[in-house]
There are 2 protein chains.
Amino acid sequence: MTRVSAEDRRDALIEAAIRVIAAKGVTAATTRAIVAEAGASLASFHYAFRSRDEMMAELITVVTTQEAESVVHALVPAETIEKTLEAGFHAYMNVVRSDPSREQAMFELNQYAMRTPGLEHLAREQYRTYFAVAEQILAAGAESGGLVWTRPLPELARLLITITDGLTTTWLADRDDAATDAVIRDAVDLIARYAVASPQKENR
Amino acid sequence: MTRVSAEDRRDALIEAAIRVIAAKGVTAATTRAIVAEAGASLASFHYAFRSRDEMMAELITVVTTQEAESVVHALVPAETIEKTLEAGFHAYMNVVRSDPSREQAMFELNQYAMRTPGLEHLAREQYRTYFAVAEQILAAGAESGGLVWTRPLPELARLLITITDGLTTTWLADRDDAATDAVIRDAVDLIARYAVASPQKENR
DNA sequence: GTCTATACACCGATAGAC
DNA sequence: GTCTATCGGTGTATAGAC
């Protein structure tokens with residue numbers, strides 16, 4: 001192997017680990033499987049990382065950020081808040097459908113963090129990121145339609161993530177697209193109720 | 001060890017495995033850890049089960065049934081459908097709070113089934129059981145209040161499970177009781193809208 | 001920095017005595 | 001049926017040559 005900076009080696013190993021995890025799950029992501037995917041030697045792994053858990057910790061934050069970006073990127077504002085929300089849910093579900101194993105891996109990683117001493121905070125951090133993304137999406141959706149939310153944004157963001165999580169776990173289990181769409185319509189109705197026309201800006 | 005029938009041995013090992021999984025996760029449930037918990041020898045495991053996966057398959061159906069029963073058992077009908085639903089969600093969350101690790105294990109087992117060749121059908125089966133329980137709960141809740149659902153029960157059952165799953169994953173990640181309660185109130189409003197007074201029985 | 005070789009723990013599973 | 005002892009494989013991590 002040609003010489004590579006420590007930073008590049010770490011990144012390459014993490015990207016390789018992400019591919020392995022997305023394909024075969026967290027359990028299959030052994031150091032041997034990761035270096036094989038990265039085309040590196042076993043020793044180079046422990047030159048770049050003190051331990052497998054150290055790499056997993058970094059991987060979790062990287063993959064959470066990637067997930068957040070891919071969801072935000074898939075969004076498109078529509079004419080009404082209902083259509084925007086519905087399109088948002090469908091865009092998200094298309095991300096899930098395009099790589100179910102990867103989405104399952106997000107849950108596995110969260111549980112891995114919860115079960116691993118010293119990594120518990122990463123589980124919480126992962127959801128903090130999700131909530132922040134949800135707030136961002138809701139804020140943008142309301143603003144583009146000239147609306148305001150009549151409920152505190154953090155509450156609606158958690159509601160959105162709760163439903164999204166549930167949609168994902170149930171779909172992963174039975175892959176029922178039609179039933180998922182029906183739940184999405186309910187979710188849209190529920191959330192859209194909390195959006196009202198923005199009051200005219202008052203002079204003062 | 002005294003002699004035990006094959007059936008009893010299987011049950012004892014499965015119960016031991018459930019305890020190990022609930023405490024430390026699916027990954028920690030090695031054959032050695034299980035027999036140690038059961039007070040048996042390693043060989044007796046493979047006398048009772050052809051393989052670890054054979055035991056895991058049986059365990060998943062057992063634990064899914066247990067989970068269904070413990071939820072149904074925690075229910076109490078109230079005066080209105082709203083109160084019944086809200087009490088139901090809180091009863092469920094109390095089950096989760098009383099043993100978070102066990103509830104996390106339900107997700108881990110589901111994912112284990114999805115990742116293990118030959119066990120995929122168990123993941124679907126697990127959710128079929130959940131949906132059936134949800135239908136049962138919704139039917140009983142409406143009947144006790146003299147109401148009928150204006151939506152197909154399977155759709156409402158899936159909605160209920162979707163929300164319950166999301167409530168669980170988010171609560172497991174950040175243990176935020178107050179935020180969870182707020183989401184529950186939304187869920188109650190959403191579902192209760194589909195219950196109306198039962199029409200009088202008509203003579204014919 | 002990168003490699004091969006290896007240490008050492010633990011995994012699932014089985015052989016064979018009792 | 002139950003046990004101890006052990007096999008072959010794989011896990012994380014490291015030693016030491018280059």
Side-chain angles (χ1 to χ4, degrees), chain A residues 1-21 23-60 105 108-109 111-113 115-119, chain B residues 1-21 23-60 108-109 111-113 115-119 122:
Chain A
M1 249 301 166
T2 68
R3 296 211 169 195
V4 177
S5 80
E7 195 58 29
D8 288 352
R9 174 60 83 201
R10 286 169 73 95
D11 291 351
L13 286 169
I14 287 178
E15 287 303 318
I18 290 173
R19 287 193 296 275
V20 172
I21 291 174
K24 301 200 165 184
V26 170
T27 313
T30 64
T31 52
R32 288 182 204 273
I34 294 165
V35 295
E37 171 72 24
S41 74
L42 193 50
S44 68
F45 184 95
H46 286 284
Y47 181 83
F49 298 101
R50 198 186 330 264
S51 70
R52 179 174 174 273
D53 274 352
E54 184 186 295
M55 187 225 59
M56 289 294 286
E58 201 168 312
L59 181 146
I60 289 172
E108 291 176 345
L109 286 169
Q111 284 150 4
Y112 178 83
R115 292 281 190 202
T116 307
L119 266 52
Chain B
M1 249 298 163
T2 68
R3 295 210 169 196
V4 177
S5 80
E7 195 58 31
D8 288 353
R9 174 61 83 202
R10 285 169 74 94
D11 290 351
L13 285 169
I14 286 178
E15 287 304 317
I18 290 174
R19 288 194 295 274
V20 173
I21 290 174
K24 301 200 165 183
V26 170
T27 312
T30 64
T31 53
R32 286 175 159 83
I34 293 165
V35 295
E37 171 72 25
S41 74
L42 192 51
S44 68
F45 184 96
H46 286 284
Y47 181 81
F49 297 101
R50 189 163 317 136
S51 70
R52 180 174 175 272
D53 274 353
E54 183 185 295
M55 187 223 60
M56 289 294 285
E58 200 168 313
L59 181 147
I60 289 172
E108 292 175 345
L109 286 169
Q111 284 150 4
Y112 178 82
R115 293 279 191 203
T116 306
L119 266 54
L122 290 174

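The structure displayed is predicted, hence computed values, not measured ones. The chains referred to below are lettered A, B, ... by the order of the sequence lines, with proteins before strands, and numbering in each begins at 1.
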Please report the distance, rounded to the nearest Å, between [atom1] in [X] and [atom2] in [N].
X       : N      : atom1 : atom2 : answer
A/Glu54 : D/dA13 : CD    : C1'   : 13 Å
A/Met56 : D/dG11 : CE    : P     : 14 Å
A/Asp8  : C/dG1  : CG    : C1'   : 13 Å
B/Tyr47 : C/dC18 : OH    : P     : 19 Å
A/Leu13 : D/dT12 : CG    : C1'   : 15 Å

Exercise. Closer than 4.0 Å, any side-chain N/O of B/Thr30 to the OP1 or OP2 of C/dC11?
Worked result: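 The answer is yes; a side-chain N or O of B/Thr30 sits under 4.0 Å from OP1 or OP2.
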
Could you run down the sub-3.5 Å N/O contacts of the protein with nucleotides 13-17 of chain C?
from, atom 1, to, atom 2, distance (Å)
C/dA13, OP2, B/Arg52, N, 2.8

Problem set entry | N-O pairing of B/Lys24 and B/Glu37 below 4.0 Å | no

Problem set entry | Lys/Arg N to Asp/Glu carboxylate O, B/Glu15 vs B/Arg10, below 4.0 Å |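 Salt bridge absent between B/Glu15 and B/Arg10.
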
Problem set entry | Stepwise side chain to side chain contact (heavy atoms under 4.5 Å, CB included) check, B/Phe49 with B/Ile14 | CA-CA 10 Å; B/Phe49 297 101; B/Ile14 286 178; 3.9 Å; yes

For this session: Mind listing the closest non-hydrogen atom pair of A/Ala23 and B/Arg115 along with its distance?
Result: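 For A/Ala23 versus B/Arg115, the nearest heavy atoms are O-NH1, 3.6 Å.
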
For this session: Output the distance between atom CZ (B/Arg52) and atom CE (B/Met56), rounded to the nearest 0.5 Å.
Result: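 The distance works out to 5.0 Å.
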
Exercise. Which nucleotide in the list C/dT2, C/dG12, D/dT2 gets nearest to the side chain of A/Ser41?
Worked result: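 For the A/Ser41 side chain, the nearest candidate turns out to be C/dT2.
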
Exercise. Are the side chains of B/Tyr112 and B/Ile21 in touch, meaning some heavy atoms are under 4.5 Å apart?
Worked result: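 No; the side chains remain at least 4.5 Å from each other.
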
